[in-house]
Protein chains: 2
Amino acid sequence: MSNAIEILVIDDEPQIRKLLNITLQSNDYKVKEALNAREGLSIAANHPPDLILLDLGLPDESGHVVLEKLREWYTKPIIILSVQSNEEDIVKALDSGANDYLVKPFRTGELLARIRSLLRSSSSESENPILTSNDIQVDLAMRVVKKNNVTVKLTVTEYNLLALLVKNEGKVLTHQYLLRSIWGPSYINQSQYLRVYIAQLRKKIEDNINNPLHIITESGIGYRFV
Amino acid sequence: MSNAIEILVIDDEPQIRKLLNITLQSNDYKVKEALNAREGLSIAANHPPDLILLDLGLPDESGHVVLEKLREWYTKPIIILSVQSNEEDIVKALDSGANDYLVKPFRTGELLARIRSLLRSSSSESENPILTSNDIQVDLAMRVVKKNNVTVKLTVTEYNLLALLVKNEGKVLTHQYLLRSIWGPSYINQSQYLRVYIAQLRKKIEDNINNPLHIITESGIGYRFV
DNA sequence: CCATTTTTATAAAATCTTTATACATTTTGT
DNA sequence: ACAAAATGTATAAAGATTTTATAAAAATGG
């Protein structure tokens, strides 16, 4: 199944990874594993999962640092798994953006219930299949874009960019954010990519390219869909 | 304060209520108390709070039942507080719609952190802070400024300056402070920059440039937004 | 081979910095 | 008290710099 829920496990202990792997997979989650902070951040960035299980005691970097780096852009649930049960660590993690904190050893049934709880509240928010804005219709479920009821043919990248802009209608999305979301975090300096694709999108959906009414340039910052 | 965050405590133990009352109020939450299930459901329905702390061991009805009845309509966070630490109760509560489950006795710092975490994820998406001052609206999340509901096009520097002034409405911000905040510490002598940009902002948001009503000059000191 | 993505090049547009000038207010010297 | 000087402010406009739009060539991957 391609639309299975993906969970990224960042933990250096093989036993824990094995336990989580078996537990999660037998509950129909697709599991990805990272053995350290570097690998975790890389996998999360290149193919963002639906939820992250993060160990605080990683070999190469503090889990607190990983959490903060993730939260610079990652908005879905993060659950901390840690042997540390002192209040200070728990409060720090929760205030850094963790959604939950379980002390090892944890009970797998409780972990699964907490995962279900977080997935429930994070998924229910983004279910607007068809977004309409004047003459433009974007059907996120079908991945189809129409202009005046005529289907517009977009490439994958063009569609991803337009969908992201439409999902955040009215909001200014920075170059950094757009590049990281579409191409990945290592592309945040390639503003040229954006310009090329914005131009291509405008050619396809704007009536008058010299006076774009949908994709607005915010010079020095980014772009905005209205 | 009328826009304080309201938390409803449903618990029959007086000591717990007293502890929660003191802890929550000293963290600027407004607290309402219910001593049993019937009262809890009634208060929640008549004046829905922003978050509910629910004890599972209530005298008149099982907390699990209260939770299910609340979740028929109540969508904001519910945290369970219970002496029961067995997995069965925890899983049942979380699957019935609880957002978190703390075993009594709990640590107040951790409880507060978990409350902050839940309030963060439930409120940040629904409402973004729009600062309104008469005919001027500044939407910090969207990075959009409107005058009489018409979007005003501002450059990066203009926006940064206006946002800083608006965030400190009524307060006088010194030249030094403004220059350091917008241009950096090495520019604190470039008062001319400020004058140029204040003039440009006034041209865009004031009705009458010769009688500015929003951006006020404090001669020899700085500027002020009203 | 073809559709798409990435790279390159260049003109145009937008923005920032600097300079110049005018005006208003306060301070200084007599 | 008065004029001159000094200080602080407002604004326009020139120039320098940064950012953006666009076409088109080269590279990539099925």
Side-chain angles (χ1 to χ4, degrees), chain A residues 46 143 145 151-165 172-184 186-225, chain B residues 143 145 151-165 172-184 186-224:
Chain A
N46 289 318
R143 283 182 83 91
V145 176
T151 302
V152 180
K153 186 162 167 52
L154 297 180
T155 70
V156 184
T157 313
E158 286 165 5
Y159 174 83
N160 288 342
L161 180 56
L162 181 61
L164 192 55
L165 286 165
V172 179
L173 303 181
T174 63
H175 302 133
Q176 277 211 351
Y177 178 82
L178 289 168
L179 287 163
R180 181 167 46 220
S181 304
I182 308 288
W183 283 272
S186 53
Y187 288 74
I188 53 171
N189 297 318
Q190 305 286 349
S191 311
Q192 201 50 32
Y193 285 23
L194 256 184
R195 305 216 176 92
V196 171
Y197 276 87
I198 290 287
Q200 284 171 356
L201 273 178
R202 281 184 177 146
K203 224 185 303 183
K204 292 185 180 181
I205 68 167
E206 296 283 2
D207 288 319
N208 177 6
I209 293 188
N210 299 115
N211 178 31
L213 299 177
H214 290 108
I215 301 176
I216 308 296
T217 301
E218 299 285 346
S219 193
I221 315 267
Y223 295 90
R224 184 162 60 93
F225 191 90
Chain B
R143 217 196 149 90
V145 175
T151 302
V152 179
K153 189 156 172 50
L154 297 180
T155 70
V156 192
T157 313
E158 287 165 6
Y159 175 84
N160 288 343
L161 180 56
L162 180 62
L164 192 55
L165 286 166
V172 180
L173 303 182
T174 63
H175 300 136
Q176 276 211 352
Y177 177 80
L178 289 168
L179 286 163
R180 185 173 40 225
S181 304
I182 309 288
W183 283 272
S186 53
Y187 288 73
I188 51 171
N189 297 319
Q190 305 285 351
S191 310
Q192 198 50 31
Y193 285 22
L194 257 185
R195 305 215 176 92
V196 170
Y197 276 88
I198 290 288
Q200 282 172 356
L201 272 179
R202 282 184 177 147
K203 220 187 306 183
K204 291 186 179 181
I205 67 168
E206 297 284 2
D207 288 319
N208 178 6
I209 293 186
N210 299 115
N211 178 30
L213 300 176
H214 291 108
I215 301 175
I216 309 296
T217 302
E218 300 286 346
S219 194
I221 308 187
Y223 296 90
R224 186 162 57 92

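Numbered from 1 within each chain, the chains take letters A, B, ... in sequence-line order.
- A donor-acceptor pair shorter than 3.5 Å cannot be found between the side chains of B:Arg202 and B:Asn210.
- Ring geometry, A:Phe225 versus A:His214: the interplanar angle falls under 30°, so the pair is classed parallel (tilted spans 30 to 60°).
- Taking atom CD1 of B:Ile198 as the reference point, atom C1' of D:dA10 lies 11 Å away to the nearest angstrom.
- Of the possible donor and acceptor atoms, one in the side chain of A:Lys204 sits under 3.5 Å from a partner among the backbone N and O of A:Lys153.
- Of the candidate nucleotides D:dT11, C:dA9, D:dT20, C:dA9 has the atom nearest to the side chain of A:Gln192.
- B:Glu158 CD to B:Ile198 CD1: the interatomic distance, rounded to the nearest 0.5 Å, is 10.5 Å.
- Checked against C:dT15, C:dT17, D:dT9, the side chain of B:Trp183 finds its nearest nucleotide in C:dT17.
- Checked against C:dT18, D:dT9, D:dT22, the side chain of B:Val196 finds its nearest nucleotide in C:dT18.
- When heavy atoms are screened at a 4.0 angstrom cut-off, B:Tyr223 is found touching the sugar-phosphate backbone but no base atom.
- Distance, B:Ile221 CD1 to D:dT9 P: 9 Å, rounded to whole Å.
- Listed nucleotides: D:dT19, C:dC16, C:dT6. Nearest to the side chain of B:Val156: C:dC16.
- The base of C:dT5 is not paired with the side chain of A:Gln200 by any donor and acceptor separated by under 3.5 Å.
- When the nucleotides C:dT5, C:dC16, D:dT19 are ranked by their closest atom to the side chain of A:Tyr197, C:dT5 comes out on top.
- If you check distances only, the side chain of B:Gln190 never reaches the base of C:dT18 with a donor-acceptor pair under 3.5 Å.
- If you check every strand for non-hydrogen atoms under 4.0 Å, B:Thr157 touches sugar and phosphate atoms only.
- Within the 4.0 angstrom heavy-atom criterion, only backbone atoms of the sugar-phosphate kind lie near B:Thr217; the bases stay farther away.
- One interatomic measurement links the two molecules: CZ of A:Arg202 to P of C:dA13, which rounds to 14 Å at whole-angstrom precision.
- As rounded to whole Å, 16 Å separates atom P of C:dT6 from atom CZ of A:Arg195.
- Within 4.0 Å of A:Ile209, counting heavy atoms only, lie sugar-phosphate atoms of the nucleic acid but no base atom.
- Between B:Arg143 and A:Glu218 there is no salt bridge, since no side-chain N of the basic residue sits under 4.0 Å from a carboxylate O of the acidic one.
- Side-chain proximity of A:Thr155 to the nucleotides C:dT18, C:dT4, D:dT19 is greatest for C:dT4.
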